[in-house]
Amino acid sequence: MTVTVTTTINGDAEEFVCEADETLLDVLRDHLGLTGSKEGCATGDCGACSVMLDGRLVCSCLVLAAEAEGRQVETIEGMARGRELHPLQQKFLDAAALQCGICTPGFLVAAKALLERNPDPSETEVRYWLAGNLCRCTGYDKIVRAVLETAADMKSADMKSAGMKSAGMRSA
Amino acid sequence: MDQSQTTLPRRFKVVGQRKRRPDGIDKVTGRARFGADMTMPGMLWGLVLRSPHAHARIRSIDSSKAEALPGVKAVVTGADFNGERNDVSINCMAGDKALYDGHAVAAVAATSRQAARQALKLIEVDYEVLPHVTDVDAAMKPGAPVIREDLITAGVEPVPTKPSNVAARHEIGKGDVEKGFAEADLIVEQSFRTEATHQGYIEPHACVASVSPDGSAELWVCTQGHFMVRNVCAALLGLDSAQLRVTASEIGGGFGGKTTVFVEPVALALSRKANRPVKIQMTRSEVFRATGPTASSSIDCKIGLTKDGRITAAQAELRYQGGAFKGAGADFGAMAIFTPYDIENVKAVAWDVVTNRPKLAAYRAPGAPMAAFAAESTLDEAARRLGMDPLELRLKNAAREGTKAAYGPTFPRIGLASCLEAIGNSAHYRTPLGPNQGRGLACGFWFNFGGETCTTINVNKDGTVGLSVGTPDIGGSRASMCAMAAEELGIPYEKVRTVIADTASLGYNDVTDGSRVTFSSGLCTIQAARQAIQRLCQRAALMWGIDAEAVVWEDGHAKPAGPNAGKFEPLSLAEIAAASANTGGPIAGHHEVNAEGAGVSFGVHLCDLEVDRETGSVRVVRYTAAQDAGKAVNPDYVEGQMQGGSAQGIGWALNEGYVYGDDGRLQNAGFLDYRIPVASDLPMIDALIVEEPNPGHPYGVRGVGETSIVPPLAAVGNALRDALGVRLTETPMAPPRVLAALAAAAE
Ligand code: FES
Ligand code: FES
């Protein structure tokens, strides 16, 4: 059985036809060409497929594509604003927080979700929030540091911009 | 041109800096294309049918119903593997027997995944289930089910007349261990077991194959060695290497597990039969059941020492199983086990055993971590009994320049003592332990490898440089290649672009393994750059109308030298390149080599952990790794290798292990039940880079990829011993074992 789904992905209206039992991950990757979300397990254990669904962090391998009907999906492809990287993306690059990079999209989406709800996390909070994302290359050291440093940078940038009374320059 | 390798101390400009990796931006934006990210027009989906039995004769396979299903375009079995039918071929697709749970027996290609899934269910395989064995010690016992009827033990006299599960015996040694043990004041003897672990790369194997009716073929694949893939697939399927063009995708981790083929020849066979491109991507459960775990091991270790801590003799017997095919790597274990130490009398006997498990694939320093677990735990016990500091005991016996290793070589400059000193000087070493905490120290050794390599440098007219290498980049090696090319040519890092050339565009390169890429491809890159420089100097000489010999290369410029010194303005690489049409055409440099002199690698790890005596759970609270990198080309990624290997080793020590049921089936073929360390399991991992230049590389580089997984098993085990007061001798040292050890000690 196929279903037609109307949804929003990274701010763009999308309509697709899929099998009723197809996952959001399979549709993103195989139908829509959004291969930035990765399949590491397809069972919800690795976080490589992390996306935001109506502002909630989910494993897209555990979501049916049909569930995206009428909702907002955000993937790694929507994280940078045009050519301008999100501060987390820039920090991952600068701080060598990736080796093979297969886990990176999932970590970035998850870390962004963390900083949106908790802009000043402790190391422990970062480690537990990211415990659903597996990385086999880095031992997590540089990833955790990158998230903590980004949080610190964004906070001091916020303080600066608040000081200059120029709010709204950067969307969080 | 002078081909000799010089390691004159030099001031590096680019090498040694934490440069941003060139492939990074694609990886943080989701643009990078990994194995499963490729599609081709008209592409079919391939799926593999796998044996549910650990050991079974395949009486027949009937695929007629599957073939009749709408959308199904091809079914293949072992009969379609029409080239060499060697172990690799049989592992990719079973012959007359299924040798382990998960062994491939057939495959389908269909227009949709759904159709392919349905078709798999319609293939009828008639199995005759046979008795199986999955444990190494059980497989060696008389009366064990013999799983390979043609396997005669190699390396024993007289040659056995009957087949058994013992594939080979190896022996390494020097001196006279009897004499050495007679001289000892203390002899410590212990036995250890380690369970098989999986490399656990997050990217499952994936490829897209397209075979044309004329026999030419393309393959896109995540692999550590696309030239290996080409050669092996061509041999297994009876294709010409030249006709098979293999492109390496970005690779989502390998750690040795992607140094062989699994689904690649299957996808090619399906494509050949269906006459359409075919994509296969493994599920995670297929990765666990059918791709390379490590060996599991059982090791007896005996070390003799004098009262003042000098090792007089060391002896070990190592038994490894590596699945249903020979080559468990016990010989590597035997060669590595006592190598960190300068010992006069050494004997190590290795047994290579087959069982009904998936065929082992290399995993980071294959064979060494379990050997180090045995040796370093035994040594720790010796230090306790002698009342000696474990670091001091190791420093006293450490292999140094001039030490002759039991496996043959006499070491040139090596960095073990420096690593021990770095740990001794670390803040960690002086941090007091809290309640229920323990501290453990362990050393590790890995050989490192050079191998067949070639690279090409092309100088572009705008003064930029293209560098083609043939070794897939699994951890940032393109950044290191750019740095070495820029360093040698004297141009900015950003002016160099490195690509991993496909198999039709460059000569053969061995796989990315043996920690060889920064060493070998780096060495080749430097030599190719030197050839390009020589040509750039010739072109400058032509432009000036002087002798080529009278031109030198400095800081990215040709300069007149000797009698002409100062006569002409220096010419930059960009200026010479821009004029190249008038001086003889394009400018390039190339180098090919079978690289020697990789330079052995040592590391020392220090682990603090905390035990919850009620639940048996263990948390690593501090961890420091010191390792000799020779020269760290990009310290960020050297640290990354050290941290990643440490984390994998900690997982191996505490959590990870294959669990087989009595039915011979793998019980934990998923990340939920095979639990690798997550961020909340680990502390920060301090990486101390030691630099003892490798005399075999122009910049002193040593490989750094593997050694970091060697010490952690023992570092964790020794820390547990410190915390618990009892020693665990079997991995994983998971809570049930910790509780059992505590209960036994309380009795
Ligand atoms: S692929 Fe979704 S959690 Fe692993
Ligand atoms: S960088 Fe390879 S899995 Fe995280």
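When heavy atoms are compared at a cutoff of 4.5 Å, Ala42(A) does not approach chain B at all. Heavy atoms closer than 4.5 Å to chain A are found in the side chain of Phe255(B), but not in its backbone. For Leu98(A), the parts lying near chain B are the backbone and the side chain together; criterion is any non-hydrogen pair under 4.5 Å. Heavy-atom distances place no part of Ile650(B) under 4.5 Å from chain A, backbone and side chain included. For Leu85(A), the part sitting under 4.5 Å from any heavy atom of chain B is the side chain, from C-beta outward, and nothing else. With a 4.5 angstrom heavy-atom cutoff, Thr43(A) does not touch chain B via any of its atoms. Interface residue Ile251(B): only backbone heavy atoms are found under 4.5 Å from chain A. Residue Ala32(B) touches chain A through its backbone alone, counting heavy-atom pairs closer than 4.5 Å. Interface remark: Gln281(B) contributes side-chain atoms only to the contact with chain A (heavy atom separation under 4.5 Å). Neither the backbone nor the side chain of Glu250(B) comes within contact range of chain A; no heavy atoms are under 4.5 Å apart. For chain A, the nearby parts of Ile685(B) are the backbone and the side chain; heavy atoms of each come within less than 4.5 Å. Looking at Tyr201(B), the atoms closer than 4.5 Å to chain A (heavy atoms on both sides) all sit in the backbone: N, CA, C or O. With a 4.5 angstrom heavy-atom cutoff, Glu39(A) touches chain B via backbone and side-chain atoms both. With a 4.5 angstrom heavy-atom cutoff, Asn133(A) does not touch chain B via any of its atoms. No part of Thr39(B) comes within reach of chain A, as not one of its non-hydrogen atoms sits under 4.5 angstrom from that chain.
In this structure, Asp141(A) CG and Ser646(B) OG are separated by 10.0 Å, a value rounded to the nearest 0.5 Å. The structure places CZ of Arg29(A) at 4.5 Å from CG of Asp37(B), a figure rounded to the nearest 0.5 Å. Here the SG atom belonging to Cys103(A) is positioned 7.0 Å from the CD1 atom belonging to Ile202(B), to the nearest 0.5 angstrom. Considering CD of Gln643(B) and CD1 of Ile143(A), their distance stands at 10.0 Å, rounded to 0.5 Å. Cys46(A) SG to Glu203(B) CD: the interatomic distance, rounded to the nearest 0.5 Å, is 11.5 Å.
Ala647(B) and Gly139(A) make their closest contact through CB-CA, 3.6 Å (heavy atoms, listed as atom of the first residue, atom of the second, distance). Between Cys41(A) and Phe671(B), the shortest heavy-atom distance links the atoms CB-CD1, 4.1 Å. Across Pro204(B) and Gly40(A), no two heavy atoms sit closer than the pair CG-O, 4.0 Å. Contact record, Pro677(B) with Tyr140(A): O-OH, 2.7 Å, taken as the closest heavy-atom pair.
Listed options Asp30(A), Val144(A), Thr124(A) were ranked by heavy-atom pairs under 4.5 angstrom with chain B; first place goes to Asp30(A). The residue among Met642(B), Met282(B), Lys27(B) with the most heavy atom pairs within less than 4.5 Å of chain A is Lys27(B). Your options are Gly640(B), Gly475(B), Ala479(B), and the one with the most heavy-atom pairs under 4.5 Å with chain A is Gly640(B). Counting heavy-atom pairs under 4.5 Å between each of Cys135(A), Pro105(A), Cys137(A), Ala97(A) and chain B puts Cys137(A) at the top. For chain A, the option among Ala206(B), Gly254(B), Gly644(B), Ser285(B) with the highest count of heavy-atom pairs below 4.5 Å is Gly644(B).
Contact check on Asp681(B) versus Arg127(A) returns no salt bridge, with no Lys/Arg side-chain nitrogen under 4.0 Å from an Asp/Glu carboxylate oxygen. Between Asp45(A) and Arg675(B) there is no salt bridge, since no side-chain N of the basic residue sits under 4.0 Å from a carboxylate O of the acidic one. Between Glu656(B) and Arg136(A), at least one side-chain nitrogen of the basic residue sits less than 4.0 Å from a carboxylate oxygen of the acidic one, meeting the salt-bridge criterion. Salt bridge absent: Arg18(B) and Asp94(A) never bring a charged side-chain N and a carboxylate O closer than 4.0 Å. We find that Lys142(A) and Glu639(B) are joined by a salt bridge, their nearest charged nitrogen and carboxylate oxygen being less than 4.0 Å apart.
Using a 4.5 Å cut-off on side-chain heavy atoms (C-beta onward), Leu130(A) and Val678(B) make no contact. Between Glu77(A) and Thr29(B), every side-chain heavy-atom pair lies at or beyond the 4.5 Å cut-off.
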Going through the distances and angles, do Glu22(A) and Arg113(B) end up as a side chain to side chain contact (heavy atoms under 4.5 Å, CB included)? CA-CA 10 Å; Glu22(A) 263 183 297; Arg113(B) 289 198 212 216; over 6 Å; no
Test side chain to side chain contact (heavy atoms under 4.5 Å, CB included) on Gln90(A) and Val28(B) and set out the steps. CA-CA 8 Å; Gln90(A) 189 62 50; Val28(B) 299; over 6 Å; no
Evaluate the side chain to side chain contact (heavy atoms under 4.5 Å, CB included) criterion for residues Gln114(B) and Glu19(A): first the C-alpha distance (whole Å), next the side-chain angles of each, then the deciding distance (0.1 Å), finally the verdict. CA-CA 9 Å; Gln114(B) 287 82 355; Glu19(A) 296 290 326; 3.1 Å; yes
List the steps, then state whether side chain to side chain contact (heavy atoms under 4.5 Å, CB included) holds for Arg31(B) with Thr35(A). CA-CA 8 Å; Arg31(B) 297 160 69 111; Thr35(A) 54; over 6 Å; no
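Residue-environment remark: CZ (Phe16(A)) exceeds the threshold of 12 foreign heavy atoms within 6.0 Å.
A donor-acceptor pair is defined here as one N or O able to donate and one able to accept, closer than 3.5 Å; no such pair exists between the side chain of Arg20(B) and the backbone of Leu93(A).
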